[in-house]
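What you see is a predicted model; the values in this text were computed from it and never measured. Each chain gets a letter, A, B and so on, in the order its sequence line appears, and its residues count up from 1.
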2 protein chains.
Amino acid sequence: MMRTRPLKVALLGCGVVGSEVARIMTTHADDLAARIGAPVELAGVAVRRPAKVRAGIDPALVTTDATALVKRGDIDVVVEVIGGIEPARTLIATAFEHGASVVSANKALLAQDGAALHAAAGEHGRDLYYEAAVAGAIPLIRPLRESLAGDKVNRVLGIVNGTTNFILDKMDSTGAGYQEALDEATALGYAEADPTADVEGFDAAAKAAILAGIAFHTRVRLDDVYREGMTEVTAADFASAKEMGCTIKLLAICERAADGASVTARVHPAMIPLSHPLASVRGAYNAVFVESDAAGQLMFYGPGAGGSPTASAVLGDLVAVCRNRLNGTTGPGESAYAALPVSPMGDVVTRYHISLDVADKPGVLAQVATVFAEHGVSIDTVRQQGKDGEASLVVVTHRASDAALTGTVEALRSLDTVRGVASIMRVEGE
Amino acid sequence: MMRTRPLKVALLGCGVVGSEVARIMTTHADDLAARIGAPVELAGVAVRRPAKVRAGIDPALVTTDATALVKRGDIDVVVEVIGGIEPARTLIATAFEHGASVVSANKALLAQDGAALHAAAGEHGRDLYYEAAVAGAIPLIRPLRESLAGDKVNRVLGIVNGTTNFILDKMDSTGAGYQEALDEATALGYAEADPTADVEGFDAAAKAAILAGIAFHTRVRLDDVYREGMTEVTAADFASAKEMGCTIKLLAICERAADGASVTARVHPAMIPLSHPLASVRGAYNAVFVESDAAGQLMFYGPGAGGSPTASAVLGDLVAVCRNRLNGTTGPGESAYAALPVSPMGDVVTRYHISLDVADKPGVLAQVATVFAEHGVSIDTVRQQGKDGEASLVVVTHRASDAALTGTVEALRSLDTVRGVASIMRVEGE
């Protein structure tokens with residue numbers, strides 16, 4: 001039975017994602033109404049530049065006063081696709097105070113202030129949904145929060161940033177250097193004019209914080225996530241990776257410690273074997289592996305960004321939130337009951353690929369091997385290459401803690417025979 | 001705030017899946033309680049053979065009288081993992097009548113009587129959830145029903161039966177024939193003693209019906225699904241597939257017609273390019289592609305069967321259904337408002353790979369090509385091989401309707417120069 005009074009939606013932001021949300025709300029109005037059980041109406045659109053032409057949006061709905069829009073009192077759902085911390089944070093808080101539920105695509109805000117926003121939603125008996133904040137169209141938040149609610153997730157491992165995957169894929173397939181690949185990504189619109197948030201891993205770290213929080217029922221903030229960008233990955237690193245049957249991806253990795261008593265979350269470039277499904281994720285696509293006790297290994301793959309894919313995720317949330325309003329209920333809120341400690345990077349255990357520039361003389365390998373042994377880092381393979389009095393040593397270790405590896409590298413740097421540490425790269429997915 | 005009265009769960013069936021559900025309910029009781037907001041208690045377990053030892057289950061809970069258990073009146077959720085049509089259907093109906101919600105893993109029943117079961121659930125204000133009925137642990141029902149609720153799904157294409165994928169993968173990788181690969185699957189426990197439901201495509205067809213219904217908001221019954229098993233796939237077919245850069249998979253394909261006005265659902269073996277992600281799905285794994293207007297291409301991958309993975313899906317539903325009960329609400333029920341007609345197989349449009357045994361004499365190719373042209377089926381490539389007065393023609397067509405192809409093949413059979421049609425295989429995923 002269809003209710004006739006429409007649910008009113010306020011759209012904050014009308015860029016690439018927002019305009020697509022508005023378009024689909026109009027063109028698919030009948031389907032949305034049938035799926036929700038009531039029509040949904042776009043009641044207002046807050047933008048910064050009202051003069052910009054927005055095809056298909058009634059100019060009478062457009063306002064520059066976002067605060068007044070969320071304070072109207074008759075808004076059922078606020079869709080926030082502005083991004084960034086402010087004014088989004090204040091607008092969302094105001095929306096809850098005035099009785100609206102919120103659908104957001106704002107990873108930075110959720111990673112920084114998710115707990116406070118969830119608390120505000122709960123206090124006012126409203127929903128806060130944000131499937132679009134992680135991996136665009138790929139259903140990930142809902143599967144982790146609901147489908148796996150009866151399971152124990154042990155690891156989330158994924159490519160969650162399309163820009164950096166495009167750049168790394170380009171470097172891998174063409175042999176290009178970082179700058180050349182970045183320039184192409186910029187020219188094609190895959191990278192922004194200021195690519196810092198992507199290439200330095202801030203975007204991926206925000207997503208890792210959100211995923212870890214949901215997967216482990218524990219609050220994980222952006223500050224808890226170890227972050228290393230991919231600007232220093234070189235063509236030589238890709239050559240080294242190829243020799244090992246690997247490629248290089250910027251990975252977000254959220255893990256429960258072996259004893260189950262703590263968790264870690266990190267973002268960094270890493271070598272992964274070509275046989276790993278993540279190795280064949282091309283271009284700007286995203287893919288996330290989830291490992292749990294009962295389900296085993298699951299993978300979710302799809303477009304990680306873009307107006308339409310992100311709008312698909314926003315609208316899925318919008319339908320769910322509207323249904324909840326009609327039922328007078330709310331969906332699952334924050335689940336942080338496990339409250340596991342988030343361990344520092346030093347506690348992370350993985351394998352390492354280290355390239356050293358060393359003096360080409362007898363005894364160097366023995367010296368280096370001794371340093372690894374003294375720090376409890378077991379060596380898997382060593383490859384030695386010499387030319388013109390200089391030599392390089394490539395060491396691949398067994399699993400060791402990041403702290404032990406860091407201590408090893410410091411000690412190596414102090415050896416006279418080690419001229420430099422050319423690169424250190426983690427090896428994952430084995 | 002935790003409610004202290006526990007929610008009571010009746011488990012119908014305690015085989016591979018049921019015993020794992022019971023085990024996890026016990027070992028993860030605290031986590032489940034925290035995630036639901038109230039403890040869940042296993043209130044009874046209905047089995048056929050009570051004498052069988054069931055580790056970890058209180059013998060006092062075990063009964064052979066499933067009907068009495070669901071009629072007790074204090075059961076909040078019935079978990080049905082018996083399978084088959086009866087007595088599961090009557091037990092589920094009885095459960096709703098006595099106020100319980102239902103979580104089921106029963107694809108055969110859902111595909112046959114989903115509409116009636118949903119109606120019964122709705123009538124009594126209870127939930128019917130069945131994530132475990134399709135593709136085991138892989139979240140698929142919830143993403144289709146909820147995450148993509150604001151999008152328009154155009155196609156679902158997947159490997160949804162692990163047994164047949166194991167057999168086909170074995171044939172592909174070892175060159176084994178069907179019987180040999182089936183024998184190995186049986187020996188390893190991947191195939192049942194009577195493999196009919198799997199190898200004849202009944203299991204996959206049930207899943208296709210369920211997926212098509214949800215994806216297209218339309219009732220699709222098992223009878224609406226075209227079904228062709230994979231018992232006639234030969235080593236020669238795999239050799240032909242390899243020559244085309246393809247492999248062979250048993251696919252479930254649910255499609256919206258190009259004009260959007262009708263849908264089709266089918267299960268059959270098909271060639272797919274090795275470059276397609278489904279081509280590299282190995283062993284008993286499942287994977288499903290979903291294509292929609294806004295999200296684009298999504299893929300979901302994971303273990304499609306087995307006790308633990310299926311239990312993971314059952315428990316995810318159990319948590320959701322319990323939360324709904326605590327909130328006094330229900331989740332989304334059946335959505336069949338679109339009520340699109342389900343077109344017959346003749347309307348399906350795809351490409352075909354046809355092997356013909358023909359007389360090795362001049363003019364045969366011209367005759368054959370004329371027959372294709374007369375039926376409006378355009379030829380992409382032809383390969384002709386002759387030996388000892390016999391020859392074979394391998395024809396790959398452009399896209400054509402199944403009806404046109406069927407007419408073509410009938411006419412070919414009536415040609416004197418065509419000794420036989422060695423194989424017809426659809427080509428998908430291009």
Taking only distance into account, so ignoring hydrogens and angles, what donor-acceptor contacts under 3.5 Å exist between chain B and chain A?
{"residue": "D31(B)", "atom": "OD1", "partner": "Y337(A)", "partner atom": "OH", "Å": "2.5"}
{"residue": "R35(B)", "atom": "NE", "partner": "H217(A)", "partner atom": "NE2", "Å": "3.2"}
{"residue": "R35(B)", "atom": "NE", "partner": "Y337(A)", "partner atom": "OH", "Å": "2.9"}
{"residue": "R35(B)", "atom": "NH1", "partner": "A149(A)", "partner atom": "O", "Å": "2.9"}
{"residue": "R35(B)", "atom": "NH1", "partner": "D151(A)", "partner atom": "O", "Å": "2.7"}
{"residue": "R35(B)", "atom": "NH2", "partner": "Y337(A)", "partner atom": "OH", "Å": "3.2"}
{"residue": "R142(B)", "atom": "NH1", "partner": "S147(A)", "partner atom": "OG", "Å": "3.2"}
{"residue": "S147(B)", "atom": "OG", "partner": "R142(A)", "partner atom": "NH1", "Å": "3.2"}
{"residue": "A149(B)", "atom": "O", "partner": "R35(A)", "partner atom": "NH1", "Å": "2.9"}
{"residue": "D151(B)", "atom": "O", "partner": "R35(A)", "partner atom": "NH1", "Å": "2.7"}
{"residue": "D151(B)", "atom": "OD2", "partner": "S312(A)", "partner atom": "OG", "Å": "2.7"}
{"residue": "H217(B)", "atom": "NE2", "partner": "R35(A)", "partner atom": "NE", "Å": "3.2"}
{"residue": "M299(B)", "atom": "N", "partner": "Y301(A)", "partner atom": "O", "Å": "2.8"}
{"residue": "M299(B)", "atom": "O", "partner": "Y301(A)", "partner atom": "N", "Å": "2.9"}
{"residue": "Y301(B)", "atom": "N", "partner": "M299(A)", "partner atom": "O", "Å": "2.9"}
{"residue": "Y301(B)", "atom": "O", "partner": "M299(A)", "partner atom": "N", "Å": "2.8"}
{"residue": "S312(B)", "atom": "OG", "partner": "D151(A)", "partner atom": "OD2", "Å": "2.7"}
{"residue": "Y337(B)", "atom": "OH", "partner": "D31(A)", "partner atom": "OD1", "Å": "2.5"}
{"residue": "Y337(B)", "atom": "OH", "partner": "R35(A)", "partner atom": "NE", "Å": "2.9"}
{"residue": "Y337(B)", "atom": "OH", "partner": "R35(A)", "partner atom": "NH2", "Å": "3.2"}

Most contacts with chain B, counted as non-hydrogen pairs under 4.5 angstrom, among L315(A), V314(A), I141(A), V290(A): L315(A)
Per-residue contact mode, L32(B) against chain A (heavy atom under 4.5 angstrom): side chain
Choice from A149(A), A313(A), G328(A) maximising heavy atom contacts with chain B below 4.5 Å: A149(A)
Closest-packed option against chain A by number of heavy-atom pairs under 4.5 Å, given P309(B), A294(B), G316(B): A294(B)
Choice from P303(B), G296(B), A311(B) maximising heavy atom contacts with chain A below 4.5 Å: P303(B)
Interface residue of largest heavy-atom contact number with chain A, from A338(B), G302(B), A295(B), under 4.5 Å: A295(B)
Best-contacting candidate, P332(A), A287(A), A320(A), against chain B by heavy atom pairs under 4.5 angstrom: P332(A)
Choice from I138(B), L148(B), V319(B), L298(B) maximising heavy atom contacts with chain A below 4.5 Å: L298(B)
Residue pairs passing the ring-ring contact (aromatic ring centres under 6.0 Å, His included) test where at least one lies in residues 303-330 of chain A, sequence neighbours excluded: none
Close side-chain approach of P139(B) and P139(A), heavy atoms under 4.5 Å: no
